2 protein chains.
Amino acid sequence: MTLPFTLLLDPVSADAPQTDFGDTFHEVDSSAPALRVGELSAQRGDGVFETIGVVNGHPQAVGPHLARLANSASICELPEPNTAQWQAAIAHVVDRVPHEGEIVLKLVYSRGVDSGPAPTAWLHATAAPDFAAVRAGGIRAVTLDRGYPHGVAEQAPWLLMGAKTLSYAVNMAALREARRRGADDAIFLTHDGFVLEGPTSTVVLRTGGVYVSPVPSGAILHGTTQQSAFEHLRAAGERTEYRDVSVAELRAADAVWLLSSLRLAAQITELDGRPLPVERERTRALNAALLARTV
Amino acid sequence: MTLPFTLLLDPVSADAPQTDFGDTFHEVDSSAPALRVGELSAQRGDGVFETIGVVNGHPQAVGPHLARLANSASICELPEPNTAQWQAAIAHVVDRVPHEGEIVLKLVYSRGVDSGPAPTAWLHATAAPDFAAVRAGGIRAVTLDRGYPHGVAEQAPWLLMGAKTLSYAVNMAALREARRRGADDAIFLTHDGFVLEGPTSTVVLRTGGVYVSPVPSGAILHGTTQQSAFEHLRAAGERTEYRDVSVAELRAADAVWLLSSLRLAAQITELDGRPLPVERERTRALNAALLARTV
């Protein structure tokens with residue numbers, strides 16, 4: 001099999017259960033049209049997604065990713081995704097791609113065609129970018145106001161914070177704004193100055209000897225790679241904690257990383273133009289642990 | 001030609017100007033796949049759109065819609081859309097559809113395929129829903145917090161407020177929340193209680209003998225139907241005004257309407273469960289004027 005590689009899943013709803021998962025997806029030509037123009041993913045950004053890294057043949061954190069996909073679907077009132085079907089589709093791809101190097105699996109679960117009978121879902125596998133340099137050398141980041149006050153997610157669930165929706169235009173615009181400011185990535189803050197997350201990553205800082213990540217409450221996605229990192233750190237005897245983090249605390253931290261499924265741990269060497277302490281050995285060890293995961 | 005009907009435009013960028021617009025779009029089968037899974041519209045809600053009504057063969061407010069499409073594209077840093085190409089595509093469809101009744105033209109302008117060379121654009125024509133009853137009888141609406149404070153659009157342009165992007169998952173969730181509360185539609189408020197807009201419409205109220213709409217600044221789309229309505233009202237000797245409107249003023253208004261390209265003027269008969277004054281004759285006359293537009 002050559003990359004890119006695409007599977008369409010149909011039907012995807014647990015409301016229409018399938019017993020033979022071998023029949024519930026089929027390969028499509030990645031370079032040919034596969035979606036109708038009436039797709040609500042394309043018209044309304046109406047759906048949810050996950051991005052899973054595959055390292056040397058091992059798909060990473062499949063369980064947490066599929067649990068988060070189901071949670072996102074629930075927040076968006078989509079039918080419950082068929083987890084067994086997704087697992088089978090992931091296994092189908094992983095069996096057929098090279099077992100050396102890094103691959104990206106993108107899982108997209110859309111509300112389907114406008115006025116159509118069922119959701120649409122697909123799995124798209126591509127070669128991963130080479131993140132070796134950025135894992136070793138770090139990134140520059142800027143803080144950007146996400147516009148929302150702290151606590152709004154609980155008051156206004158229709159804002160869909162905490163769901164990983166396909167409506168990512170603001171996240172993409174934030175990355176463009178970061179580049180405009182000479183940085184590589186962004187960290188969203190609440191309007192009142194609390195740390196949220198990156199547009200495509202989770203924030204982890206080390207302060208007072210503790211690894212801290214902002215509380216993955218309604219406003220913040222619970223990072224799958226951050227969870228793996230915390231497990232590794234605790235096993236190594238480190239202390240980890242979820243709590244609210246102010247921007248002042250972020251700027252004064254002993255170290256800050258952005259964690260994500262493909263780039264893994266990227267240390268922030270410069271925040272809003274000011275240098276942050278660099279911890280090359282800790283970062284190297286953390287990425288080595290993340291790359292060594294077999295589940 | 002039967003509906004639905006779809007045209008794909010390619011290329012769409014003014015950076016690659018076309019002199020023969022007859023060659024810059026082609027018909028595709030609406031029921032067949034036309035988009036690749038790598039589409040950033042489908043993966044990221046990354047693109048902009050417009051919805052144009054066609055009444056008895058007359059596409060409505062094409063100029064303002066295409067101007068807003070270009071403005072949305074600019075906010076999202078997409079290449080400038082080719083207005084002449086869109087005009088030709090609209091004319092191509094309008095020439096071929098029935099010249100009686102109401103039709104919807106959806107214009108979608110996407111950033112294109114991930115890592116691809118150019119944006120993707122399409123025009124999708126469908127039969128319009130029958131809005132006669134709702135234009136005559138009105139709708140119930142609820143106010144919902146949009147989470148942003150007043151003025152945030154100017155401070156944080158990466159939030160893309162003022163652009164009509166494809167990232168509409170929150171707008172769709174707000175409509176579901178309205179239905180859950182027994183209403184038909186929603187009006188977004190700033191977190192500090194100023195009126196913004198509906199998820200797919202513009203707010204107009206009558207208070208103190210003046211027709212008022214919230215200032216179409218960075219946070220609010222300038223409604224094409226609201227602009228037509230204000231032109232008609234001014235021509236009829238009425239006073240119109242753009243200014244900030246508090247939720248208290250909205251609730252105390254003499255009348256409130258939501259204006260949009262397809263449903264046109266829908267009077268709000270009940271707001272957050274409390275009845276609002278009903279003005280059937282004004283609403284009828286306004287919709288008659290909007291339906292009579294020939295441009």
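Chain naming here is simple, since letters A, B, ... match the order of the sequence lines and numbering starts at 1 in each. In this text the structure is predicted, and so the values were computed from the model without any measurement. Reckoned from all heavy atoms, side chains included, excluding hydrogens, waters and symmetry mates.
Contacts between residues 189-198 of chain A and chain B, defined by a heavy-atom separation under 4.5 Å, are made by A:H191.
For B:Y168 against A:S167, the heavy-atom pair with the smallest separation is N-OG, 3.3 Å. When all heavy atoms of A:A42 and B:V108 are compared, the closest pair comes out as O-CG1, 4.4 Å. Scanning all heavy atoms of the two residues, the minimum distance from B:A169 to A:G45 falls at CB-O, 3.6 Å. Shown here for A:V170 and B:L160, the closest heavy-atom pair between the two residues is N-CD1, 3.9 Å. Contact record, B:P149 with A:G147: CD-O, 3.0 Å, taken as the closest heavy-atom pair.
The OG atom of A:S30 sits 8.0 Å away from atom CZ of B:R36, with the distance rounded to the nearest 0.5 Å. With rounding to the nearest 0.5 angstrom, the CG atom of A:L159 is 10.0 Å from the CD atom of B:E177. To the nearest 0.5 Å, atom CG of residue B:L166 and atom CG of residue A:L166 are 11.5 Å apart. The line from CE of A:M172 to SG of B:C76 is 12.0 Å long, rounded to the nearest 0.5 Å.
Comparing B:R176, B:E39, B:H124 by heavy-atom pairs within less than 4.5 Å of chain A, the highest count is held by B:R176. With respect to chain A, the highest number of heavy-atom pairs below 4.5 Å among B:S31, B:A32, B:A186, B:P4 belongs to B:S31. Residue with the most contacts toward chain B among A:V113, A:N171, A:D145: A:D145 (heavy-atom pairs, distance under 4.5 Å). Here A:L35 is the residue among A:L144, A:L35, A:D29, A:L8 with the most heavy-atom pairs under 4.5 Å with chain B.
Proximity to chain B involves both the backbone and the side chain of A:V37, based on heavy atoms less than 4.5 angstrom apart. Contacts of A:T6 with chain B are made by side-chain atoms alone, with heavy-atom separations under 4.5 Å and no backbone atom involved. In this structure, chain B has a heavy atom under 4.5 Å from the side chain of A:A156, while its backbone stays farther away. Using a 4.5 Å cut-off between heavy atoms, B:F49 contacts chain A through its side chain alone, with no backbone atom that close. Only the side chain of B:T165 has a heavy atom closer than 4.5 Å to any heavy atom of chain A.
A:R180 has its side chain within reach of B:E77: a pair of non-hydrogen atoms, C-beta onward, lies under 4.5 Å apart.
For A:A153, the side-chain contact (heavy atoms from CB on, under 4.5 Å) partners two or more places apart in sequence, or in a different chain, are A:M161, A:A219.
Within the structure, side-chain hydrogen bond (donor to acceptor under 3.5 Å, both in side chains) contacts touching residues 153-162 of chain B (residues at least two apart or in different chains) do not occur. Judged as a side-chain hydrogen bond (donor to acceptor under 3.5 Å, both in side chains), the pairs with a partner in residues 42-52 of chain A (not counting sequence neighbours) are, in order, A:Q43-B:K106, A:D46-A:R111, A:E50-A:H65, A:E50-A:R68.
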